[in-house]
Amino acid sequence: VLSCSAVPMGTSSKDEMQTFWDKNSRLNRPMSPHITIYRWSIPMMMSISHRGTGVALSSGISLFALSALVLPGDFTSHLDLVRSLSLGPALIYSAKFALAFPVMYHSLNGFRHLVSATYRKTPAALETSSNVPKGQVLVQQADSR
């Protein structure tokens with residue numbers, strides 16, 4: 001049984017969001033200042049790259065698993081197909097690098113993050129400048145592979 005004496009709710013979420021955007025427009029606030037107000041640094045680029053390689057690796061593994069389920073034949077037949085294309089060594093090594101670099105970068109960067117989070121002892125270690133040498137070593141290690 002419905003009652004006609006129900007108390008109306010306050011403002012809806014749509015009304016609250018409209019009030020929020022009206023206030024921001026009235027005060028001339030930028031919509032997304034987080035990109036424009038920070039100076040790019042090595043730790044910021046490494047964090048973005050780490051997330052990007054993580055997404056790429058999980059997408060690649062999912063695509064590989066899905067293709068293994070859907071496509072006819074087994075792995076050896078697909079490997080024979082690639083061999084029959086007679087691709088040059090430059091293209092083969094470039095493809096190997098394109099597959100190995102994200103794995104190595106993501107793994108080394110994750111290990112660096114784990115070590116720095118485990119052995120961080122002072123508030124000075126939280127400063128971005130202390131992470132720069134670690135990031136440079138990681139980039140150099142990834143480039144040398």
Side-chain angles (χ1 to χ4, degrees), residues 6-145:
V7 176
M9 293 178 63
T11 59
S12 68
S13 61
K14 183 178 179 181
D15 294 336
E16 289 181 23
M17 285 303 297
Q18 188 61 44
T19 303
F20 171 78
W21 288 116
D22 289 342
K23 179 181 176 184
N24 284 342
S25 296
R26 188 177 65 249
L27 296 174
N28 291 326
R29 291 180 177 163
M31 288 187 65
S32 184
H34 64 282
I35 298 294
T36 57
I37 63 173
Y38 293 111
R39 188 173 55 100
W40 285 82
S41 63
I42 290 178
M44 177 189 278
M45 289 185 284
M46 288 179 59
S47 175
I48 292 169
S49 300
H50 184 76
R51 291 170 192 237
T53 55
V55 169
L57 290 171
S58 62
S59 300
I61 290 171
S62 299
L63 186 64
F64 182 76
L66 185 64
S67 66
L69 289 173
V70 175
L71 294 176
D74 57 352
F75 181 73
T76 56
S77 64
H78 296 292
L79 193 57
D80 290 338
L81 174 69
V82 172
R83 285 187 185 139
S84 70
L85 295 175
S86 299
L87 303 173
L91 190 58
I92 294 291
Y93 287 121
S94 298
K96 287 179 179 181
F97 179 79
L99 291 172
F101 180 77
V103 173
M104 289 303 301
Y105 180 82
H106 194 77
S107 300
L108 290 173
N109 198 22
F111 182 72
R112 177 199 61 86
H113 181 71
L114 180 68
V115 168
S116 68
T118 303
Y119 295 106
R120 185 176 290 157
K121 302 221 186 296
T122 64
L126 298 174
E127 294 177 10
T128 307
S129 61
S130 68
N131 291 331
V132 171
K134 298 173 200 166
Q136 290 171 343
V137 168
L138 178 65
V139 170
Q140 289 169 355
Q141 286 294 324
D143 285 342
S144 67
R145 301 220 183 262

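Small disclaimer: the values here were computed from a predicted structure and weren't measured.
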Point to revise | Donor-acceptor contact below 3.5 Å, side chain Ser77 vs main chain Asp74 | key: yes
Return a table of donor-acceptor pairs under 3.5 angstrom between the side chains of residues 80-103 and protein atoms on other chains or two or more places apart.
unit_1: Ser84; atom_1: OG; unit_2: Leu81; atom_2: O; d: 2.7
unit_1: Ser94; atom_1: OG; unit_2: Ala90; atom_2: O; d: 2.7

**Study point:** Sequence neighbours excluded, every pair satisfying salt bridge (charged side-chain N to carboxylate O under 4.0 Å, His left out) that has a member inside residues 53-71
**Key:** none
**Study point:** Donor-acceptor contact present, side-chain Asp15 to main-chain Gln18, <3.5 Å
**Key:** no
Review point. Can you tell me how far the OG1 atom of Thr19 sits from the NZ atom of Lys14, to the nearest 0.5 Å?
Key: 12.0 Å
Check your understanding: Roughly how far apart are Met44 CE and Arg39 CZ, rounded to 0.5 Å?
Key -> 9.5 Å
Review point. Nearest 0.5 Å, what's the CE-CG distance between Met17 and Asp22?
Key: 10.5 Å
Study note, to complete from the structure: In short, ring-ring contact (aromatic ring centres under 6.0 Å, His included) pairs touching residues 49-90 with sequence neighbours left out are His50-His106
